[in-house]
Amino acid sequence: MVCAYPITAIEWMGDSETTEGIAAHSMDDTTFQDLGLSDEILRAIGDAGYDTPTPIQAQAIPYVLMNRDIMGCAQTGTGKTASFTLPMIDILAQGRARARMPRSLILEPTRELAAQVAEQFDIYGKHQNLSKALLIGGVSFEDQDRLLDRGVDVLIATPGRLLDHFERGRVLLSDVKLLVIDEADRMLDMGFIPDVEKIVSLMPKIRQTLMFSATMPPVMRRLADQFLMNPKEITVSPPASTAETVSQSLVVVGHREKRSALRALLRSEDVRNALIFCNRKRDVSVVQNSLKRHGFEAGSLHGDMDQFQRTDTLEAFKNGDIKLLVCSDVAARGLDIEAMSHVFNFDVPINADDYVHRIGRTGRAGRSGRAITLAAPDEKRYLDTIVGLTGVEIPRLELDEVESTDFEEEDDKPRGRRGRSGSRSKKPSDNAKQEAAKSDDDGSVRNGKSRNSKRKKARENVRDDDGPDETPVGLGDHVPAFLLRAPK
Ligand code: AMP
């Protein structure tokens, strides 16, 4: 298998240390044999069918083996998981685990990501005799306790579930010599950083820490300063770049037309399999039910499902039993599904970074992919932020069957219900952001209480599956109660 990643490796600025030894190979001709990995790992890599290290692997692996801290800026799909698991397995091959005292810890923001890392650990570690435990919500504590009691070399966990185990006295972190904080930006979005801080405070100060983030806003720098010591900084794509292999389109329609627009797209595009992203958890089932009613085989993925349902749905999707998966950002984060043909954004993501993550689910490993966004006029401001971030204008697509609208039309409207939206634009966006962040997780988002829950309930009651597509827009928190009541 040839690795055809569209991403070029760039060294982070500000790292004073020379990278000669590694850079000299330049990414193109570096082989796995050059990286200092053991024969056992090289055999496992060969079994996995990998020919060439990806840029993040070529750059990070030698430094991890030197026990350096790493700050890696890389998206999923770049091979970043192997960039830390491969050298970790070699580091852990020496030494033995003690009961309830894991030797290394990988923190992941979601259950799916944690499960995927655990799978990769098995693939790459198949010729070494290392033990691991996966601590995620939605799975019984007893099985996890049994593994911990036996002693594990690597613990792969979501922060909430790990702290639950710690508080029950089932795990001690004082022997952790190697820590990985994966998807740190997503941890931040989901309000997990206080949990991560608590977890880090339970570990020895002298340890090796590897932190990965898809984006590198200033706040991430501060976190890096807090958790890492003199890290080697590596990035494999400029933050928030969109893959060149993804062809993007934009359909501008009213909220009410979005479902018919989606159906028209599903019929006209050559869709092999697709993720359909909604901003809010409750819309996930609305869209899924609507698709099913119109004869599309669609599954859904959101944070309210238990682990078994999620696993079953994912299996069905991966096997091709269902072609369409409607999902929220957090539930779908990092899903590694090969050769996804399409990503549809049923809503424009509120957070511009999420756009990059969403469309990154397709066009992976050099394959081409399609990303189509349905945008209503009042979502223009989110779109502008996305274009500002990626620097790429998204071309418009007109659909024959569905009447498209225009962004300007919104501004032409009389200053009635909608007209006030401009002055309140910040608030609804913040609320929606919080809601999105809280809506899915490993079952233990700790920050933020469910404010507005009554209002949310009222809004949900308005919507039956065939009902109006959107709640009143532009009114921020101040939606009058009569607008939220279902019409008789
Ligand atoms: P990740 O970015 O860790 O989510 O990895 C994305 C996908 O790339 C996974 O399915 C890996 O199995 C695959 N992968 C990782 N490293 C390589 C490599 N060197 N060559 C080919 N595929 C790889």
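Below, all heavy atoms of this structure are taken into account, side chains as well, without hydrogens, waters or symmetry copies. Both counts, for ligands and for their atoms, begin at 1 and track the order of listing. Please read all numbers here as calculations on a predicted model, not as lab measurements.
Not a single N or O atom of D51, backbone or side chain, sits closer than 3.5 Å to an N or O atom of ligand 1.
Using a 4.0 Å cut-off to heavy atoms of T78, the atoms of ligand 1 that qualify are 2 (O). Those atoms of ligand 1 that come under 4.0 Å of a heavy atom in T81, given as number and element, are 1 (P), 3 (O), 4 (O). The distance from ligand 1 to the heavy atoms of T52 drops below 4.0 Å at these ligand atoms: 18 (C), 19 (N), 20 (N).
By the 4.5 Å heavy-atom criterion applied to side chains, E297 and L324 are not counted as neighbours. Residues D90 and L86 form no side-chain contact, since every pair of their non-hydrogen atoms from C-beta on lies 4.5 Å or further apart.
Contacts between I45 and ligand 1, counted as non-hydrogen atom pairs separated by less than 4.0 Å, are absent for every part of the residue. Only the side chain of F32 comes within contact range of ligand 1, with a heavy atom under 4.0 Å; no backbone atom does. Contacts of Q116 with ligand 1, taken as heavy-atom pairs under 4.0 Å, are absent altogether.
Checked for salt-bridge contact, K258 and D347 meet the test: a charged N lies under 4.0 Å from a carboxylate O. Comment: K232 does not engage D69 in a salt bridge, judged by the lack of any side-chain N to carboxylate O separation of less than 4.0 angstrom.
Inspection of the Y63 and Q59 side chains reveals no N or O donor paired with an N or O acceptor under 3.5 Å.
Scanning all heavy atoms of the two residues, the minimum distance from R370 to V246 falls at C-CG1, 4.3 Å.
Which of F84, Y124, Y50 comes nearest to atom 13 (C) of ligand 1 through a heavy atom is settled by distance: it is Y50.
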